[in-house]
Amino acid sequence: MPSPANPLERPAPGPITSQLARAQAKLDYLKGLNDEQREAVLTTEGPLLVLAGAGTGKTRVLTTRIAHILTERKARGSEILSVTFTNKAAREMKERIGKLVGSTVEGMPWLGTFHSIGARILRRHAELADLKSDFTILDTDDQIRLIKQLLDAENIDEKRWPARQFANMLDTWKNRGLLPKDVSPADSGSFANGRGTRLYADYQARLKVLNAADFGDLLLENIRIFREYPDVLAHYHRQFKYMLVDEYQDSNVAQYLWLRLLAQGKPASEANICVVGDDDQSIYGWRGAEVDNILRFEKDFPGAKVIKLERNYRSTSNILKAASTLIANNESRLGKTLQTDVGETGEKLTVTSVWDSEEEARQIGEEIEQYQRQGESLNSMAILVRASHQMRELEERFITLGLNYRVIGGPRFYERKEIRDAIAYLRVIANPADSLSFERIVNVPKRGLGDSTVQLLHNTARAANTNLVSATRMLLETEELKPKQRTTLRELLAQFDDWSARLQGLPHYELAEQVLDESGYTAMWQADKSPDSPGRLENLKELVRSMEEFETLGGFLEHISLVMDRDTVEAEDAVTIMTLHSAKGLEYDTVFLPGWEEGLFPSQRSMDELGRAGLEEERRLAYVGITRGKKRVRLSMAQNRRIRGLWQSALPSRFIDELPPEVVDVKDTGSGYGGYTYGGGAAGRFNFADPFESVYNTPGWQRAKAQQSSRKGGGPLTIEGELVARSVDIGSDRSPYETGQRVFHLKFGYGEISAIEGNKLTIDFDKAGRKKVLESFVSKA
DNA sequence: CGTAGGATGTTTTTT
DNA sequence: ACATCCTACG
């Protein structure tokens, strides 16, 4: 964002600040804004919809608006509700507001994600939801384990009705703001022969027993409380004088209802609610986001002012043109036209076709190194992938190259087993009713408490409608447990009592250390001989260290439930690798967009499940990807890719064809088996009919060409990925095959190897003629 | 009760 | 390819 260095590094205006000084400050922060932006900042009263295209200074408007409200003393920080979708966005806003107004950030307790604010409100009124204020927030994993227990208790075959599927249904219902009683019979019927609603109700009841809430509840319970207790809602009406919502196009029905309830303190036409969004960047439809929310804002809040931000300060006109042309293929949009303000045509976009994903990674690595030699920083480059499994190969390549990279949103720290175990201990200390956590660690490390014992605990808990810990206490009074297990459990509970007591007089991070020691958990990993156990011990230390940043154990646990991402340290120069979804809102000089292949991007699954809407969402994702680039956008596609262990050949993504040819260079190609030909777009310049007759430059192409030069005409070389690569006990670069050997191929039948190149074999098939195939497609005849 | 090894499902995206 | 779940055995 081209915001000039901000001159506002000054303390917040104190009571003695003069009118004049304030007027001056106002001038300062309004300075670099264009007319529309300024209007969006100054229109503080009444409903306002800001349609902000990519790179038009959306965050700047939001933060300046808050700064404006604060400096004008229209409201205090605690009276502004400001919701974002992701933690990253919330963090960034806090930072930028801090820069604008100085120290006031701590005074913005209601700036956060929907879920963190929902949790905050729910904790205050927990008793109205049959919870205690220290309730545990369940993640998907816990949720599924709980559902499994329920299915088990109901004698529902988990094979036929997978817990995961029910978890998804629950999510959908909760995202739509539906309580058990609101679920339609049709919806209910779609699981376990009509038992859906009952299970939902049982699940909710079980959550109360465990003193727990899932993600959906954080908002849904808010909504229920607001509806059932008008005095509570009235309190928040008084509290929130201004409401701001970021990325409104990503909000779902529950979030919409939540906002609408909170905005009801005034007549709709006077509500001080400002939503900012871009329908072209709506990419969360799959988890219940309703673009409709943004489309009907004017109906919900009559008289709402609508401001469009269309001046793009980020990308060159070539990039902008490519993105606009692409997104114009979508039917359902409000329609905005981005105008460049950068004033540079810039480089053309490039599309590179490579043989496989390995070569794609190599290609990207080379280019990055080349730019680096030209003095560009790694921080200014990013690789945006459709699916996280694309990351691995890139990482491997960068490791061999010694190229610094960072992965955003990859495997999460808090999802590691050892971390989750440690947290389970802490959760039980904080909330002894948390049966899921108790169950997780009751026999970790091994204490000789096996399935049958745990089953007994479960049965007792269910019969008494209570949690595992108190069920255990009950059992200890009886003879039902075998003596050995009885002693073990008694000791374990005594330990937990002891730890809970210690929490009063000890910093929680010291307690955590003692817990890990005394429970034998640390010792367990120390005794473990596997190569990753040192790393796990290191992670545990890191966990304890990170606890020091929090005031209380509760605060820490809240953080890890809601803020799953780690703070990314940007100190080092490194290339960023992340998914397109997590790239929204970011920008880089150079953006690499690998994997533009049919099936992967647009994702087959998305199209299967949502049809045209799915495709349009994928296209918006492509739009997001391209508009991340400021100066340079490089797309690529691999003709062959290994997905879940099997090779698949792919066609270029239709999105490539939708790019305007005049701003795209088709750099190196060699794509498109099967004679498939696209129309007039950029991909029109791929030589699909016979890719082996043009001049190409990539090493991969030349290799392919060397192998296949003799292939003429012949049928389309379509390969329906089938055989899983066999693990062969031969050095990695040596092929298990040799020339002259007879082999069998699922599609082409028997043949004889005529040449070997890496994992690619040229084979003279008895029936199909000479073909080049991947080694993993054939077996020895 | 615990373990090893095989069968199975899974992953597109995230709070 | 990977992780989790399941089953058979010690």
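The model shown is predicted, which means the values in this text are computed figures rather than measured ones.
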Indicate, with a heavy-atom threshold strictly under 4.0 Å, whether [X] touches base, sugar-phosphate, or nothing.
X	value
Phe85(A)	sugar-phosphate
Tyr284(A)	sugar-phosphate
Ser606(A)	base

Q) Would a distance-only check, ignoring hydrogens and angles, find a side-chain to backbone donor-acceptor pair under 3.5 Å from Lys58(A) to Gly277(A)? A) no
Closer than 4.0 Å, any side-chain N/O of [X] to the OP1 or OP2 of [N]?
X	N	value
Lys148(A)	dC5(C)	yes
Asn443(A)	dG2(B)	yes
Lys174(A)	dT15(B)	no
Ser116(A)	dT15(B)	no
Arg605(A)	dT13(B)	no
Ser603(A)	dT11(B)	no

Q: Could you check whether Trp286(A) and the base of dT13(B) form a stacked pair, meaning centres closer than 5.5 Å and planes differing by less than 30°?
A: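 Whether judged by distance or by angle, Trp286(A) passes, so it stacks on the base of dT13(B).
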Q: Identify whether NZ of Lys or CZ of Arg in Arg620(A) sits under 6.0 Å from the centre of the six-membered ring of Tyr623(A) and within 45° of that ring's axis.
A: no
Q. Do the numbers put Arg619(A) on top of the ring of Phe655(A), so that NZ or CZ is under 6.0 Å from the six-membered ring centre and no more than 45° off the axis?
A.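 Negative - Arg619(A) is either too far from the ring of Phe655(A) or too far off its axis.
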Check the distance between [N]'s [atom2] and [X]'s [atom1] and give it to me in whole angstrom.
X	N	atom1	atom2	result
Asn222(A)	dT15(B)	CG	C1'	14 Å
Leu384(A)	dT13(B)	CG	P	14 Å
Arg416(A)	dA3(C)	CZ	P	12 Å

(Q) Contact between Leu586(A) and Lys88(A) at the side-chain level, heavy atoms closer than 4.5 Å - yes or no? (A) yes
